[in-house]
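Encoded as structure tokens, the structure appears first; notes follow it.
Numbers here are sequence positions counted from 1. All figures in this text were calculated on a predicted structure; none of them were measured in a lab. Basis for what follows: all heavy atoms, side chains included, without hydrogens, waters or symmetry-related copies.
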Amino acid sequence: MPRAWTAALLCAGLVASAALYTYKLDSVPAYLTLDEAHFAVHAASLAETGRNLNGQLLPPLISLEDPEGEPFTLPWGTTYYLPFGMYLIAGALQVLPLSEAAVRTPSALLGGVINVALIFAVALALFRNRSAAFASAAVLALSPANVIISRQALDSVCQPPFILGALWCLATYLRRPDPRLALAAGAILGCGIYAYITSVIFMPFYLALFWFISWRGGVLDRRTIAYSIGGFMVALLPMALWLAAHPEAARSLQLQYNRADPGSATLMQTLAGAGAFTALGNTLHIYWSYFDPSFLLVQGGNARNLSTGETGVFLYAVAVLAPLGLYHLRDHRLVRLLILIGLLAAPVPAVIKGAPYAIQRASGLLIFVSLLAGVGLAHAAMSTRAAMRATAAILIIFMVWQFASFYRDYHGIYRMRSGYAYDPTAFRDAAESLIRIGDEGGEHAIYIPTNFYDASAKWRFYTRKHNRPGLWHRTSYYDGVKALEAAPPGSLAVLPAASGSAVDGWEPIVIVKNPGDEPTATIIRRRR
């Protein structure tokens with residue numbers, strides 16, 4: 001195939017992928033998650049002033065605290081996040097007005113365009129086969145889990161481009177051992193540390209993998225090691241200097257791995273509380289969860305903000321194509337070894353965290369399974385055997401049909417049944433109502449319950465989106481309805497649905513409902 005045709009087909013595919021990943025970003029998912037809201041408001045501050053809401057100038061780690069508006073202190077203290085995703089959003093807000101779609105656009109383009117283009121380049125460098133490169137890119141782009149996690153303004157989609165960049169450097173270095181490629185790989189992996197919490201483990205691992213595969217390929221030398229370490233350390237220098245001045249940030253990163261998700265326990269917690277035997281069993285269970293066929297192919301993760309529950313991480317055809325790809329790589333032992341190591345290592349950070357079925361913590365699975373499936377599809381499609389070519393055609397048709405079914409469900413019924421997972425309070429509708437009523441005149445005081453988790457970040461987002469700073473500054477947070485007794489006449493308050501709608505001296509004016517038409521809150525007004 002001529003290069004011009006290759007470039008044209010790749011560009012057409014990327015445009016189609018961009019359309020799929022950015023369609024209706026403002027309303028699907030239905031609501032901002034708590035982290036999306038935090039990321040958005042800090043990114044908006046960075047875009048406007050170069051500082052986060054804590055006043056820190058372009059920090060290499062970003063605290064999600066909002067000293068001006070946070071109504072409570074988290075039990076584990078200040079939480080610091082790696083900043084790459086927030087800086088991407090800040091860049092987007094230089095040209096786009098603040099909105100749900102604007103803050104989600106960078107991650108959607110990263111997951112649906114940049115990562116797809118990069119896996120094409122990696123597959124081409126590894127396999128020297130354009131059909132395998134196109135197929136690998138298609139498998140990644142059509143993976144339901146990649147669509148779901150890429151359409152949220154979160155940092156979990158930020159790690160794969162750095163892994164893919166380093167893999168391309170490695171694949172090219174194996175054919176042309178230029179130390180500048182080792183330097184580039186080290187620098188890319190060093191920059192990858194800023195992407196996502198699991199990068200703290202994964203980026204040094206991939207640097208070691210670069211050395212190991214180069215050694216097995218007979219091209220590793222001292223200069224390669226020195227150049228790669230140099231690139232890695234230079235990229236890490238800003239963070240190292242900043243952490244020296246802010247040691248509490250390093251402690252926060254450590255606590256994120258020592259703090260389990262609700263309903264689970266980290267590896268260290270299990271070791272301390274139940275002993276080594278139980279910890280080993282739990283570790284094996286969590287590790288296996290990432291290779292569980294039900295997870296990979298049938299229903300995906302347990303959380304509705306990571307899976308529709310109707311489709312797995314990958315499409316069904318991958319169950320045939322990935323093993324086929326592994327078989328066809330039997331004569332390319334070095335490449336097969338590289339992919340197998342990456343595949344088997346992908347769940348390790350999630351295992352340490354004690355988090356099963358969480359694909360966002362094991363995004364390496366998306367990369368390495370897509371590469372294997374791409375090789376399998378390409379070899380089947382180009383086989384000299386008519387039966388294999390027919391099988392490839394049937395699988396392609398089935399993949400397109402299954403993805404179309406997933407995508408319709410994702411934009412349809414899934415939007416309603418997943419609303420609670422994204423925001424059980426449906427705070428977007430409450431905020432829009434408060435702003436609309438506030439625009440009717442008067443200097444209303446606003447009262448929001450503290451048990452609306454992360455309502456402060458979401459309320460800051462919506463008051464900034466609609467340019468209503470006055471409403472933000474007139475907002476207070478309350479613990480119980482008795483706190484509303486001192487509210488001045490005309491005040492507005494958000495009342496959780498569980499509290500009912502009757503409060504002495506107040507009248508209900510808006511009932512907030514989620515996409516499933518279930519009440520989540522009532523907006524009440526103090527009688528004059």
Side-chain angles (χ1 to χ4, degrees), residues 26-27 30-34 36-38 40-42 44-45 53 64-75 98-100 419-420 422-528:
D26 59 332
S27 58
Y31 303 117
L32 292 176
T33 63
L34 56 94
E36 282 185 289
H38 274 302
V41 296
H42 281 275
S45 179
L53 293 176
L64 294 191
E65 277 189 327
D66 182 357
E68 188 178 315
E70 207 73 69
F72 50 78
T73 301
L74 296 173
L98 181 65
S99 68
E100 291 88 345
Y420 187 88
Y422 286 97
D423 182 358
T425 68
F427 190 77
R428 172 180 180 166
D429 298 324
E432 300 283 359
S433 296
L434 286 172
I435 291 168
R436 184 184 67 254
I437 297 166
D439 284 345
E440 294 174 357
E443 295 292 317
H444 312 294
I446 307 291
Y447 292 86
I448 296 175
T450 55
N451 63 352
F452 265 32
Y453 188 46
D454 267 45
S456 61
K458 294 167 189 171
W459 181 229
R460 183 186 272 275
F461 173 85
Y462 286 107
T463 54
R464 291 186 78 139
K465 173 185 174 181
H466 293 282
N467 193 26
R468 300 293 188 273
L471 291 177
W472 167 259
H473 292 297
R474 295 199 301 273
T475 298
S476 300
Y477 296 87
Y478 70 94
D479 287 321
V481 293
K482 287 191 66 67
L484 298 177
E485 293 177 355
S491 298
L492 300 172
V494 178
L495 195 67
S499 302
S501 59
V503 179
D504 288 344
W506 295 73
E507 60 179 345
I509 53 176
V510 174
I511 296 177
V512 178
K513 297 182 179 181
N514 63 20
D517 204 35
E518 300 166 327
T520 61
T522 302
I523 295 177
I524 57 178
R525 178 161 47 201
R526 187 69 185 266
R527 295 189 181 95
R528 298 183 183 277

Worksheet entry | Tyr447 and Trp506 aromatic ring geometry - parallel, tilted or perpendicular at 30°/60° bounds | perpendicular

Worksheet item: How many angstroms lie between CD in Glu485 and CG in Asp504, if you round to the nearest 0.5 Å?
Response: 8.0 Å

Item to complete: Taking only Lys NZ, Arg NE, NH1 and NH2, and the carboxylate oxygens of Asp or Glu, determine whether Arg428 and Asp423 approach each other closer than 4.0 Å.
Response: no

Item to complete: Identify the two heavy atoms, one from Ile509 and one from Arg525, that lie closest to each other, and give their separation to 0.1 Å.
Response: CG2-NH2, 3.7 Å

Practice prompt. Determine the minimum heavy-atom distance between Pro508 and Ile524, stating which atoms define it.
Written response: CA-CG2, 3.8 Å

Discussion item. Please report the interatomic distance OH(Tyr420) to OH(Tyr31), rounded to the nearest 0.5 Å.
Written reply: 13.0 Å

Item to complete: Give, for atom CZ of Phe461 and atom CD of Glu36, the distance between the pair rounded to the nearest 0.5 Å.
Response: 9.0 Å

Practice prompt. Would you give the length of the straight line joining atom NZ of Lys458 to atom CG of Leu32, rounded to the nearest 0.5 angstrom?
Written response: 7.5 Å

Discussion item. Using only atom types and a distance under 3.5 Å, with no angle test, would you say the side chain of Arg460 pairs donor to acceptor with the backbone of Trp472?
Written reply: no

Worksheet entry | Atom CG of Leu34: over 12 foreign heavy atoms under 6.0 Å | yes

Worksheet entry | Smallest separation among heavy atoms of Thr520 and Pro424, with atom names | CG2-O, 3.6 Å

Response to the item:
Only residue of Ile448, Leu492, Thr463 satisfying side-chain contact (heavy atoms from CB on, under 4.5 Å) with Thr475 is Ile448

Practice prompt. To the nearest 0.5 Å, tell me how far Leu471 CG sits from Leu434 CG.
Written response: 8.0 Å

Fill in: Minimum heavy-atom distance between Pro488 and Ser491, given as atom pair plus value
O-OG, 2.6 Å

Discussion item. Just verifying a value: how many Å separate Asn451 CG and Tyr478 OH, rounded to the nearest 0.5 Å?
Written reply: 7.5 Å

Worksheet item: Between His466 and Tyr462, what is the ring plane arrangement, given parallel below 30°, perpendicular above 60°, and tilted in between?
Response: parallel

